[in-house]
Amino acid sequence: MHVPDGFLDVPTSVATGVAAVAMVGTALRRAERAITETGPALPGLTAAFVFAAQMVNFPVGAGTSGHLLGGALAAALVGPWTATVVITSVLLVQALLFADGGLTALGTNVITMAVVGVVVGYLVARLALRFLPPRARSLVPATALGGLVSVPAAALAFTGLYAIGGTVDIPIGRLATAMVGWHAVIGVGEALITAAVLGAVVATRPDLVHLGRHLQPAGSTVGGPTRVRLGRRGLAIGGAVTLAVASAVSLAASTHPDGLEYIATSLGFAGAASGSPADRSPLANYVVHGLANPWVSGAAAGMVGAVVTVVVGLLLTFLAQRRRGRAARAAE
């Protein structure tokens, strides 16, 4: 789903960049309250886990693969506004350090994954909860459904942008059919991963799930007190799982092209992709250049990426908290 440089023309790329800045700025302002309630640790860890999980491409057949988008999962855990900040953190690290997604296409990727993926995933999950029993365990299928729908929705958003500013003339109907069709299949994998991760959280710390703050499981509020904290034990377990996924599980990832790459090749616009300045990064393509052993190189790159993503996520959440602090002081 990561769009490279060259697929969209310059005016469209500039427009998506401006729109992305505006949307993320709004998310930072609106995320202040949620971050104050949870503290920065949970958003930071969520960003790192999504980064690690996105390294694990899973096969979906016909020589293509998919990976977690993470919008619905992040929105369920930390709320939609904070989730937009979280996914943007992931995309920044991927584009700047790992040459995954173009730099001029960064705005496009933010819109499709950090905005459309998050908003659609969250709204579908909220809607699904209206038809499910008001219990904590209902959060899992509701969010899984949100994840399932969010992936083809993001693919459709890219199709719309390509219809506006695609650099290669192709039938938009065929592009839409291929993008939505393949990403609907990838969405099944998204739903399964989302259900597994959120199920583990609900089983151990349901109070951390933003989506379920007002549910009443067994006569008590899922959210508990207004302020919830991850805690040292939760941080240690989450950090260990994240590093394991980034450094070990990711090494078993499918090497097949992802859905967008496969479709671009099939429809004849893959050649429009241009190199990114980040191709010169020592971590480009998720390896540490200079390390001869590919297993060690891949594991080290994953661990570095997870740590850097935590740092970027924390910086953005601290920025949101400082904005809230300044606003509070101005109101005094």
Side-chain angles (χ1 to χ4, degrees), residues 27-28 30-54 68 70-90 93 114 118 121-122 125 136-137 139-140 142-143 146-147 193-215 217 220-247 249 302-325:
L28 280 169
R30 300 296 296 271
E32 296 165 355
R33 180 178 178 181
I35 294 171
T36 300
E37 292 176 355
T38 64
L42 182 59
L45 183 59
T46 301
F49 179 80
V50 171
F51 169 86
Q54 285 195 2
L68 181 76
L73 175 62
L77 288 172
V78 297
W81 298 112
T82 309
T84 292
V85 177
V86 162
I87 303 300
T88 298
S89 302
V90 175
V93 173
V118 166
Y122 185 75
R137 60 175 177 265
L139 296 168
V140 177
T143 307
I193 296 171
T194 298
V197 175
L198 194 65
V201 177
V202 168
T204 55
R205 288 290 307 274
D207 57 305
L208 293 177
V209 183
H210 182 279
L211 182 64
R213 291 285 169 83
H214 303 296
L215 292 179
S220 63
T221 304
V222 169
T226 300
R227 290 176 178 269
V228 293
R229 291 293 187 267
L230 186 60
R232 292 182 180 179
R233 183 171 180 272
L235 184 60
I237 294 173
V241 171
T242 296
L243 289 177
V245 172
S247 63
V249 178
M303 294 181 70
V304 170
V307 172
V308 173
T309 305
V310 168
V311 173
V312 174
L314 289 175
L315 287 174
L316 288 177
T317 53
F318 279 131
L319 176 61
Q321 287 184 304
R322 286 193 63 185
R323 292 178 63 92
R324 183 177 180 86

* Is there a side-chain contact between Q54 and V50, using heavy atoms and a 4.5 Å cut-off? -> yes
* Asked: From L42 CG over to T82 OG1, what is the distance, rounded to the nearest 0.5 angstrom?
  -> 9.0 Å
* Structure fact -> Residues P40 and T317: closest non-hydrogen pair is CB-OG1, 3.5 Å
* Asked: How many angstroms lie between CZ in F49 and CG in L45, if you round to the nearest 0.5 Å?
  -> 9.0 Å
* To do: Taking all heavy atoms of T309 and all of A47, pick out the closest pair and write down the distance.
  => CG2-O, 3.5 Å
* Which heavy atom of L139 sits nearest a heavy atom of T143, and at what distance? -> O-OG1, 2.8 Å
* Structure fact -> In short, G302 meets F51 closest at the heavy-atom pair O-CE2, 3.7 Å
* **side-chain contact (heavy atoms from CB on, under 4.5 Å) evaluation trace for T38 with L208** => CA-CA 8 Å; T38 64; L208 293 177; over 6 Å; no
* To do: First locate atom OG1 of T46, then atom CG of L77, and finally report the distance between them rounded to the nearest 0.5 Å.
  => 5.0 Å
* Atom of A306, atom of L243 and distance for their closest heavy-atom approach -> CB-CD2, 4.3 Å
* Would you find more than 12 non-hydrogen atoms of other residues, nucleotides or ligands less than 6.0 Å from R137 atom CZ? -> no
* Asked: How many angstroms lie between CD1 in I35 and CH2 in W81, if you round to the nearest 0.5 Å?
  -> 12.5 Å
Quick one: side chains of residues 229-236, donor-acceptor pairs under 3.5 Å with protein atoms, not counting sequence neighbours, listed by atom name and distance.
unit_1, atom_1, unit_2, atom_2, d
R229, NH1, E37, O, 2.4
R229, NH2, T36, O, 3.4

* For the residue pair G44 and V310, what are the closest heavy atoms and their distance? -> O-CG2, 3.8 Å
